[in-house]
Structures are given as C-alpha cells and as structure tokens.
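These notes are about the structure you will find just below.
Here is the naming used below: chain letters follow the sequence lines, and residue numbers restart at 1 for every chain. The figures that follow rest on heavy atoms only: side chains count, while hydrogens, waters and symmetry mates do not.
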Amino acid sequence: MLNVRNLTCIRDERVLFENLSFSLGAGEALRVEGSNGTGKTTLLRILAGLYEDYEGEVDWALDEFPLYVGHKPGVKDLLTATENLTWLSALQEGQVAPDAVRAALAQVNLRGFEDVSCGSMSEGQRKRVNLARLYLTRASAWILDEPFSAIDVSGIAALEERMNDHVLAGGLLLLITHQQLQLDCAVRSLRLGV
Amino acid sequence: MLNVRNLTCIRDERVLFENLSFSLGAGEALRVEGSNGTGKTTLLRILAGLYEDYEGEVDWALDEFPLYVGHKPGVKDLLTATENLTWLSALQEGQVAPDAVRAALAQVNLRGFEDVSCGSMSEGQRKRVNLARLYLTRASAWILDEPFSAIDVSGIAALEERMNDHVLAGGLLLLITHQQLQLDCAVRSLRLGV
Amino acid sequence: MKTLLMTISRDLKVAYRNPADVINPLVFFVIVISLFPLGISPSADVLVGIAPGVIWVAALLSCLLSFELMFRSDYEDGSLEQMTFGSGPFILVIMGKIVSHWIMTGLPLALLSPLLGMMLFVPPPGLTALMLSLLLATPTLSLLGSVGAGLTVGLRKGGVLVAILVLPLFVPVLILATAMVQTGIQGGDYTGHMLWLGALLAIATGISPLATSAAVRISLSH
Amino acid sequence: MKTLLMTISRDLKVAYRNPADVINPLVFFVIVISLFPLGISPSADVLVGIAPGVIWVAALLSCLLSFELMFRSDYEDGSLEQMTFGSGPFILVIMGKIVSHWIMTGLPLALLSPLLGMMLFVPPPGLTALMLSLLLATPTLSLLGSVGAGLTVGLRKGGVLVAILVLPLFVPVLILATAMVQTGIQGGDYTGHMLWLGALLAIATGISPLATSAAVRISLSH
Amino acid sequence: MWNWFHKLGAPRSFFEISGRLLPWTGVIAVLLLVTGAVWGLAFAPPDYQQGNSARIMYVHVPASILAQSSYLMMAGAAVVFMVWRMKLADIAIQCAAPIGASITFLALVTGAIWGKPTWGTWWVWDARLTSTLVQLFLFIGVIALRSAMENRESAGRAVSVLVLVGVVNIPVIKYSVDWWFTLHQSSSFSMTEKPAMPFSMWMPLLIMVLGYYAFFFTVWMMRIRSEILVRESRTRWVQEWVAGR
Ligand code: HEM
Ligand SMILES: Nc1ncnc2c1ncn2[C@@H]1O[C@H](COP(=O)(O)OP(=O)(O)OP(=O)(O)O)[C@@H](O)[C@H]1O
Ligand SMILES: Nc1ncnc2c1ncn2[C@@H]1O[C@H](COP(=O)(O)OP(=O)(O)OP(=O)(O)O)[C@@H](O)[C@H]1O
Ligand SMILES: [Mg+2]
Ligand SMILES: [Mg+2]
C-alpha cells in the first residue's frame with residue numbers, strides 16, 4: 001500500500017534521513033524508532049502529507065486518507081467529548097451513528113465524560129477523546145505519533161489490543177513510541193539517527 | 001518540609017481527593033499514581049501554588065520556591081536553548097554561569113543544539129531544554145509532572161539518575177509518571193482515584 | 001455539500017458555547033465608534049460628515065480582529081490538520097469556515113449599524129444605505145480576510161500581521177461603501193455602487209476560497 | 001532591580017529575534033490612519049480638523065492589538081508560570097514586561113507620529129504637541145493595558161476581550177491628549193494638559209503593576 | 001526553449017549566466033543613469049511653469065513607473081513558482097520585494113518633495129498618490145509575511161499566494177481610487193494633463209527610465225546571487241566557488 005523511494009529530508013542543515021526506501025503492505029506494522037530529534041515525527045508528517053520539504057517519492061495506494069494522530073490532542077476545548085468525536089469522525093467517514101460514538105468513548109474509558117467539554121479534562125483524557133477514533137474509523141492506514149503519551153497503563157494495554165486487531169485485519173500501521181510495545185502481530189522496525 | 005493536611009479538591013462536581021493528609025521530609029520521594037483524570041496534575045499544581053480552588057492546608061518549610069516542571073514545555077520558541085535555559089535558571093537562581101548552562105545542556109544530550117532556537121526542535125528536545133534545569137537548580141524541592149513524556153529511553157535513564165542523586169542529597173521529590181520508574185532511593189507512593 | 005454544512009454547524013456550535021466570540025467584535029465596534037465623538041467633536045454637523053467613514057473603518061477593524069480567531073484555535077488544538085484528512089474536498093471546509101465567520105461577524109455588524117448611525121446623526125435614508133452596504137460588503141471582507149488568516153495561522157503574531165496583509169485589499173471596498181453611504185445620506189441613488197460592491201463580492205468568491213485553502217495547507221506544512 | 005533589567009533584556013532579545021512584533025503595530029498605525037482620508041474625505045480642511053482624534057484613536061488601537069502579545073506567548077509555552085517561581089519579586093518581572101512593551105510600541109508610535117500628522121495636514125506646532133502627547137501618554141496605555149492583558153491571558157479570545165476591558169480606561173487619556181493636540185494646532189499653551197497627562201501616568205504607575213501581577217496570578221491558577 | 005527555461009531555472013546555471021551578465025547590466029545602468037541625470041538635471045530646459053523644481057521629474061517619474069512594474073515582475077515570478085515549483089522563482093520573489101518597496105518609497109518621497117513647491121504641500125490624497133501608497137503597503141505585507149515565517153519552503157509558497165491575490169487586486173484598487181478621486185475632488189491639482197514635452201525633456205526622461213530598469217535588474221540579480229549562495233551553501237559547487245575566490 002505504501003511505497004517510499006529515496007526519501008531525503010534536511011532540516012536546518014541537519015540531514016535527518018537520506019535515501020530512505022521501504023514499502024509496507026496490508027497487514028504490516030512499522031515502528032519508527034530513534035532518540036529525540038532524529039526525525040521520526042518529520043517522517044510521519046511527510047507520509048501523512050503534512051510536511052512537504054523533502055526529496056524523493058511517497059506513493060500511497062489508498063482509497064481514503066490515512067488516519068493521523070499527532071503530538072497535538074486534536075480536540076476543541078469548547079466542545080464536549082461526544083461533539084468532538086462526532087465531528088472528527090464524520091469529517092473522515094461521512095456519517096457516524098451516535099451510538100457508535102458512545103461506544104467508542106466507552107472503549108477509551110470515558111464513560112460519564114460524554115458531555116463534559118474537553119477543556120475541563122485532564123491531559124490524558126483529552127488524548128483519549130482523539131484516540132477513540134481508532135474505534136470508529138474505516139481507514140486502512142493508521143499513522144500514530146506517540147499515541148501513548150499521557151495515557152495510563154491500562155489505557156495503553158487497550159490501545160495495543162486495538163492496534164493488534166487492526167493489523168491482523170489487514171490494516172497498515174505506522175507508529176512512533178518511546179515506550180515498550182507489546183503487540184502480538186509482527187512489527188517491523190525502522191531506526192532513524194545513528 | 002512539606003505538610004499537607006485535610007486537602008480536598010472538587011472540580012466540576014467530581015471529588016478528586018478528600019481529606020488527603022501526608023507529609024514529606026528532606027530526602028524523601030513521593031510518586032503520585034492513578035489513572036487518567038484522577039487529579040494528579042491538580043494535586044501537584046496545588047502544591048506548587050498554581051491552583052487555588054481547594055480546601056485544607058499546605059505548608060511548605062522552604063527557603064526558596066520549589067522547581068516545577070509541568071505538562072507544557074516552558075521554553076520560548078524564539079529563543080535558543082542557551083538563552084531559554086539561562087533565563088529560566090537566572091529567574092530562580094539569581095545568576096548562572098554560561099559554562100554551567102552549557103554543561104547542563106550537554107547533560108541532557110543537547111550538545112550541538114546550544115544555539116538552535118527552540119522553535120526548530122523536536123518535541124522531546126524542547127522538553128529536554130526545560131529539564132536541563134534539573135542540573136542547574138539549587139531548589140531543594142522538585143515537583144515534576146510527567147517529566148518523561150516525549151523523552152527517549154536513554155534520556156529517561158539519565159533523568160532517573162539525576163533524581164536519585166537529588167533525593168539522596170537530601171532533596172524532596174514529587175513526581176507523576178505513567179511509565180516505569182527505576183530509582184534506587186525509596187519512593188513512597190500515593191494513589192489517587194479508586 | 002455535507003462537508004460545508006457540517007463545518008458551519010460545528011463552528012456555530014463552538015460560537016454558541018462561547019458567545020463572547022460573537023459579542024466581542026460587536027462591542028468593539030460600538031466602543032471604537034464612540035471614541036470618535038470623544039476624540040474629535042460631539043457636534044452633529046461634524047459627526048454626520050464623518051459618520052460613513054468612521055462606521056466603516058470601525059467595521060473593518062472589528063472584522064480584522066476576528067480574522068485571527070478564524071483558524072487559530074483549530075490550528076492550536078490540531079483540528080485544522082485533521083480537516084485536511086476529510087473525505088470531502090478541503091475547499092468546502094474552508095468555505096464553511098468563511099460562511100460561519102460571516103454569520104458571526106459581518107451579519108451582526110450590519111444589523112447593529114443603523115443604531116450606531118443614529119448615534120452619529122445619520123438621517124434615515126443614510127441608515128438604509130449603511131445597512132445595505134454592510135450586508136453586501138462584509139462577505140467580501142470575510143472572504144479576503146480568510147486569505148490573510150490562512151497565511152498567518154500558526155505564526156503567533158497576533159492580529160497585526162493579518163491586518164497588514166489584508167487592509168490594502170480592503171481599500172476598494174471601503175471607498176465604494178463609504179461613497180455609497182454618502183450618496184445615501186444626500187438622498188441620491190446608489191444602485192451603481194451596489195452593483196460594484198456585488199462585483200467585488202463575486203471576484204472575491206471566485207478567488208478567496210482557493211487561495212485560502214492553499215494558504216492553510218502551506219501553514220500546516222511547516 | 002536585576003529581575004527588572006533581566007526581564008527587559010530578555011523581552012527585547014525576543015523582539016530583536018522577531019522584529020515584526022515591533023514593526024507590525026507601526027505599520028498598522030500607518031494603515032489605519034490612511035484609511036480615514038479614503039473613508040471620509042481627502043480634503044485638507046476636513047482632515048486637519050479630525051487629525052488629532054484620528055491619530056490618537058489609531059494609536060490606541062495599535063497599542064490594543066499589541067497588548068495581546070504581552071503575555072500570551074509566555075503563557076502558552078509555560079514561561080509565565082515559571083516566572084512566578086522567580087527569586088525576585090514577581091511584580092518586578094511584570095514591570096519589566098510593561099517597560100519593554102512601551103519601548104517596543106508606544107515609543108516608536110510617538111516617534112513616527114509627526115510624519116502621519118503631516119499626511120493629515122497638521123501644522124508644525126500641532127506636530128510637536130502630538131508627539132509630546134504620545135510620549136507622555138503611551139506609557140499610561142501600556143500600564144493600563146497590561147492589566148487587561150493579564151486578566152485575559154489564557155482565554156483564547158483574541159484581542160477583542162482586552163480591547164473591551166481597557167478601552168473604557170483609555171477614555172480620559174484620549175480626551176486629554178486630543179484636547180492637547182487641538183490646543184497645539186491652534187497655537188495655544190498646553191502645559192496644563194501635560195500636567196494632567198503626567199498625573200494620569202503617575203496614578204497608573206502606582207496601581208497597574210500591582211493589579212497586573214495579581215491578574216496574571218489569577219489567570220494562571222485556573 | 002523549454003530546455004533553456006529549465007537550465008536557467010537551476011540556481012547553479014543562473015548563477016553562472018548572471019555572473020557573466022552582471023558586469024554588462026551594471027555598466028549599462030551606470031551609463032544610462034549618468035547620461036540621463038546630467039542631461040536632465042543640467043542641460044534640459046527648465047519647465048516653463050515650474051522652473052527648475054520640475055527637474056525632480058527625472059528622478060520621480062522613472063521611479064513611479066518602475067514601482068508599478070516591479071510588482072508585476074514579482075507576480076510573474078510567483079506564477080512561475082506556483083506552477084513549476086522552481087526554487088529560483090522563490091528566490092526572485094524574495095529579492096524583488098525589498099527593492100520594489102524601496103523604489104515605491106522613492107517614488108513617494110520624490111513626489112512629496114516635488115509636491116511642496118508645486119502644490120504647496122507635501123501630501124495630497126490624490127488618486128495616483130493613494131494607489132502608490134497602497135502599493136507600498138502591499139510590498140510591506142509581502143516582506144512582513146516572509147520575515148514572519150521560519151520555514152523557507154512554506155514561506156515561499158505563502159508569499160506567492162499573497163502576491164497573486166495582490167496582483168488581482170491592483171487593478172481593482174487602481175480603479176476604485178481613480179473613481180473615488182473624481183467623486184469628491186478636493187483640490188484643483190491634477191497630474192493627468194501631461195504638458196506636451198519637447199524632445200530635450202522627454203529624451204533624458206526616457207534614458208532615465210531605461211537606466212532605472214537596468215539598475216533594477218542589476219540589483220535584483222546581485223541579490224539573487226547572494227541568496228543562492230546562502231541557500232546552496234551546503235553544495236559542492238558553492239563551496240568550490242567560494243574556495244576559488
Ligand atoms: C508623493 C507624491 C506622488 C506620488 C506617490 C506620485 C506617483 C506617481 C505615479 C504612480 C505615477 C505614474 C507613472 C506611470 O503610470 O507611468 C507618476 C507619474 C508622474 N508624476 Fe507623480 N506622484 C507624486 C507627486 C507628483 C508631483 C508633485 C508631480 C508634479 C506636479 C508629479 C508629476 C508626475 C508626472 C509629470 C508624471 C508622469 C506622468 C505620466 O507619465 O503619465 N507627481 N507619479
Ligand atoms: N481546566 C479544567 N477545568 C475543569 N476541570 C478540570 C480541568 N482540568 C482537569 N479537570 C478535571 O479534573 C480532573 C483531574 O484532572 P488532572 O489534570 O488533575 O488529572 P491527572 O490525574 O493529571 O490526569 P492525567 O493522567 O490524564 O494527566 C479531571 O478528571 C477533570 O474532570
Ligand atoms: N519546526 C521546526 N523547524 C525546523 N526544524 C525542526 C522543526 N521541528 C523539528 N526540527 C528539526 O528536525 C529534527 C527532527 O524533529 P522531529 O520532530 O522529527 O524529531 P522526533 O524524532 O519526532 O523527536 P521526538 O522524539 O523528540 O519527538 C529536530 O532535530 C530538529 O532539528
Ligand atoms: Mg516527535
Ligand atoms: Mg496530568
């Protein structure tokens with residue numbers, strides 16, 4: 001599904017990666033590793049089409065856009081969890097049923113917070129609202145940049161399970177995390193930096 | 001050094017903690033635990049004097065302010081790493097030698113980034129600039145809210161070592177983290193939420 | 001089309017949650033206008049002469065201040081970058097945001113304007129012209145302003161940079177609109193002015209959404 | 001004292017890194033003033049009558065827009081919360097920020113004003129009065145504005161809310177200053193006005209830093 | 001033709017070609033400007049109405065003309081950049097803006113200086129003057145946006161969008177300002193009736209106009225060259241070129 005050829009990115013005179021080539025098919029997971037500042041986020045943003053100052057080729061064979069979760073929580077403080085999630089998913093999926101939204105929020109352990117505005121949530125809860133999209137999306141490619149940051153231990157376990165299911169069902173997963181990762185499916189690894 | 005008596009905090013009709021009492025002396029470390037949204041950040045902000053809507057008493061016996069590291073990176077995007085760190089430490093310590101600043105930046109693995117503006121750093125690097133204060137401060141109480149988020153594995157190890165030294169040298173440490181913690185010193189634990 | 005309506009309803013919902021965003025530009029409008037009698041002269045003769053200019057400049061400025069809010073909070077919390085992944089065309093999202101901006105800013109200004117005109121002693125035919133000119137020209141302001149807002153989102157420069165980028169573009173609107181109000185005050189026929197303002201609106205509708213969606217994409221990718 | 005100087009030098013350093021923050025309010029000032037001849041009338045007779053009011057209102061507005069930048073970026077990146085942990089008194093940090101705001105906004109406005117006065121046909125004695133009035137009164141604006149900026153930091157409301165909070169406070173300054181310039185244009189003696197403006201400055205210096213530091217603390221603890 | 005276009009578009013070959021061109025345009029600019037200035041300021045007959053003060057015309061008119069066309073040239077570069085993503089075009093925009101702004105400023109200042117003896121005032125809100133002022137603001141907007149963006153790639157594209165929107169607006173602005181002036185004419189001054197000039201006046205003027213253009217291109221190329229060196233400083237050829245100096 002994803003074909004990357006000779007990707008080179010230079011920021012501020014620092015070569016982040018040079019002539020990077022790889023390809024990723026359905027049912028494959030790739031974890032991008034490297035210490036801080038080695039260009040993991042930059043790579044994922046390039047693949048998501050959010051950063052364009054690079055050389056080389058990125059080819060997606062996809063029907064719809066990938067699902068992207070970045071460093072920012074991606075939720076509006078003024079809207080409630082339900083409203084945020086409905087809008088975020090409707091944007092990409094066309095239409096979502098209210099029940100599905102409630103179910104997804106319950107999956108990320110936000111039962112009881114459905115109608116709380118995201119501005120009065122804790123760091124981890126806000127991130128969870130965004131991650132609840134993983135339970136609603138039909139996107140076949142997921143691009144997740146440090147999805148576990150600010151999430152507690154049991155939350156991480158649940159997310160890992162969801163990712164596992166996605167990959168086993170033939171999805172594509174691109175992931176950055178500095179924490180330990182326990183997926184049952186095979187995870188390829190791409191190391192940036194020296 | 002720190003005495004907390006009957007601390008109660010209620011946000012949005014949700015009781016976060018009630019009649020919380022504990023005290024912490026020199027050379028003691030306390031880790032606040034709990035799942036997302038249980039009030040860990042709120043507790044630490046109360047102790048740091050940044051949140052005031054609570055009941056109960058908080059007594060510090062300290063000569064200077066504690067050192068607080070919050071969810072936000074705390075660095076100005078337009079200033080370089082050196083300038084940011086110099087300003088942040090000078091604010092609290094009065095005066096810092098340029099050499100000490102360079103040394104602290106080297107400690108958090110930012111050698112070569114001394115004169116890069118923080119706006120063009122990665123998430124983890126920005127956080128490291130803030131955390132470099134741990135190598136400069138003379139504060140005897142540290143309040144750290146998820147200091148490890150966005151930091152890579154080797155960075156976490158270095159920070160743990162620094163915290164350990166601080167506690168063994170008679171400092172006080174209040175810490176939140178969802179990740180595993182390996183400190184040689186004894187760490188008390190306070191669990192919030194059910 | 002659904003993308004368009006969805007975006008408008010979401011933005012209006014956010015505004016409803018936080019009505020200050022709608023009310024503040026209005027209050028600002030009123031305050032700026034009331035500074036002029038204080039700073040210049042309270043006499044009716046002087047005021048009616050400067051009224052069209054003052055009201056229109058105040059309307060421009062309060063639109064200006066609100067452009068900043070058009071994309072900024074969406075940028076900061078990351079929803080703007082999510083919008084580029086939408087299944088509908090991105091330009092519809094942008095148009096939705098422009099329309100809701102107008103509903104929240106231009107429309108209330110236009111509706112409020114007769115009252116302020118009266119405060120500055122504008123006679124009734126002038127009041128009609130004033131309101132019509134605002135109804136017809138504030139959409140152009142929202143359209144042009146969106147380009148500036150899109151270009152500067154994420155630059156943390158406050159409203160000033162947007163102002164510099166778009167104020168020169170507003171000059172024709174200002175000139176035509178104030179001329180229209182002046183004609184109205186003197187009891188003349190201002191159909192010609194209205195046609196011209198309509199033409200400007202058409203040009204802006206043709207260009208701005210395209211330019212803005214390009215601008216927003218550029219701002220996101222850096 | 002060291003805290004004060006340290007803060008000023010840091011803020012000026014940030015401004016130097018990003019000169020747009022200083023230049024933009026100036027350009028805004030110029031653009032707003034040039035909108036008035038377009039919107040009202042290009043004739044010298046009309047313009048010289050409204051010049052003091054127009055220039056002063058424009059100065060108020062460009063100060064207003066810059067208040068937002070006073071604390072916002074420090075709030076967003078967390079440096080503001082760090083400042084409360086300083087070893088020196090917090091009020092000195094605040095005063096440092098006010099002084100550097102004035103150096104970056106009020107002072108350049110005052111220096112530029114004679115040029116704009118000329119564009120609106122103000123005669124030479126009026127130009128002196130104009131510049132003096134700005135030099136004497138813009139510090140008051142920075143002081144009063146800082147209170148509004150402190151109260152609204154962290155509310156993501158753009159400049160509009162600050163404007164609403166502080167504009168009423170600016171009214172006395174506006175009235176005195178424009179009266180002073182008008183006296184100047186007519187060749188009169190405006191020492192009395194200057195004394196009054198000086199008195200306002202003294203009052204503001206006494207109250208504002210205290211109020212602002214309280215306001216900032218409140219904004220942080222929510 | 002296309003080949004040539006692409007070759008010129010590569011920073012390196014532009015650098016080499018312009019290096020050869022630069023001395024020529026420089027010499028032409030100096031020659032034209034000196035001839036025009038000496039002829040115009042010293043030998044051309046004084047204006048029958050305004051006397052010698054009209055000689056500022058030889059500075060003002062070319063500046064005003066160039067001010068307008070420099071924005072159009074910048075817009076041309078913006079089109080090239082948006083369509084072909086040619087880095088050189090981005091550099092060209094970046095380098096043209098400050099020159100264009102200064103020329104516009106010069107047109108304003110010389111106009112103002114001329115206005116004092118003829119009109120008795122430095123500034124009049126006349127249509128031409130006003131649209132020149134608005135154009136200066138457009139240039140300033142371009143410069144301000146560029147300097148506000150840290151990332152070069154996105155700055156280039158953002159600035160092109162702005163320049164293009166601006167160029168659509170220039171005729172609208174010009175039109176509306178002209179029309180506005182005729183609506184409520186305030187003063188009796190008008191620059192539109194051109195006195196039929198004798199050859200001895202328009203010839204030096206023409207030379208000055210050409211000289212301004214040559215000067216503009218020379219400065220533009222010089223700025224582009226130094227910007228190329230900055231942007232390509234990592235490449236081998238720049239390092240060799242620098243070493244070779
Ligand atoms: C700040 C003041 C002024 C500005 C901004 C200004 C601007 C301009 C502009 C934009 C042009 C048009 C060039 C073109 O389209 O070919 C021009 C041409 C000209 N200006 Fe000015 N001008 C100013 C003052 C004056 C004054 C005071 C005079 C003399 C009384 C004057 C005399 C002329 C003449 C004779 C031309 C050439 C006319 C032509 O070729 O069509 N200008 N000026
Ligand atoms: N700005 C706010 N306004 C109102 N209520 C808030 C706000 N921030 C947090 N809360 C409430 O306080 C509770 C505790 O939030 P807090 O940030 O202290 O949690 P936390 O334990 O730090 O969680 P996390 O692990 O996600 O960081 C949340 O459940 C939320 O309901
Ligand atoms: N906004 C920016 N402008 C310029 N350069 C940047 C910017 N952001 C990052 N960089 C540069 O790109 C490099 C890689 O950044 P990136 O964010 O991709 O790192 P990362 O691998 O995601 O790091 P982290 O683990 O800290 O998130 C950084 O070292 C920095 O030098
Ligand atoms: Mg990253
Ligand atoms: Mg927390």
Report which part of [X] has an atom under 4.5 Å of a heavy atom belonging to chain A: side chain, backbone, both, or neither.
{"X": "B:Leu110", "value": "neither"}
{"X": "B:Ser154", "value": "neither"}
{"X": "B:Thr41", "value": "neither"}

Is the shortest heavy-atom distance from the side chain of A:Glu33 to the side chain of B:Val153 under 4.5 Å? no

For chain A, which residues from residues 171-187 of chain B have at least one heavy atom closer than 4.5 Å to it? B:His178, B:Gln179

Using non-hydrogen atoms and a 4.5 Å limit, figure out which bit of A:Ser35 sits close to chain B: side chain, backbone, both or neither.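 The answer is both parts of A:Ser35.
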
A:Phe113 portion near chain B, given a 4.5 angstrom heavy-atom threshold: side chain

Spacing of [X] atom [atom1] and [Y] atom [atom2] [to the nearest 0.5 Å]:
{"X": "A:Asn36", "Y": "B:Asn109", "atom1": "CG", "atom2": "CG", "answer": "8.5 Å"}
{"X": "B:Ser122", "Y": "A:Leu16", "atom1": "OG", "atom2": "CG", "answer": "10.0 Å"}
{"X": "A:Ser149", "Y": "B:Glu123", "atom1": "OG", "atom2": "CD", "answer": "8.0 Å"}

Can you check side-chain contact (heavy atoms from CB on, under 4.5 Å) on A:Arg14 and B:Val116, steps first, answer last? CA-CA 12 Å; A:Arg14 230 177 282 271; B:Val116 172; 3.5 Å; yes

A:Arg102, CZ atom: more than 12 neighbouring heavy atoms under 6.0 Å: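 Counting neighbours around CZ of A:Arg102, 12 or fewer heavy atoms of other residues, nucleotides or ligands fall under 6.0 Å, so no.
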
Tabulate, in ascending numerical order, the residues of residues 125-139 of chain A having at least one heavy atom closer than 4.5 Å to a heavy atom of chain B, or enter 'none'.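 Listed by number, the contacting residues are A:Gln125, A:Arg128.
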
Could you check which of A:Gly39, A:Gly155, A:Gly34, A:Gly124 has the highest count of heavy-atom pairs closer than 4.5 Å to chain B?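 Among A:Gly39, A:Gly155, A:Gly34, A:Gly124, the one with the most close pairs to chain B is A:Gly124.
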
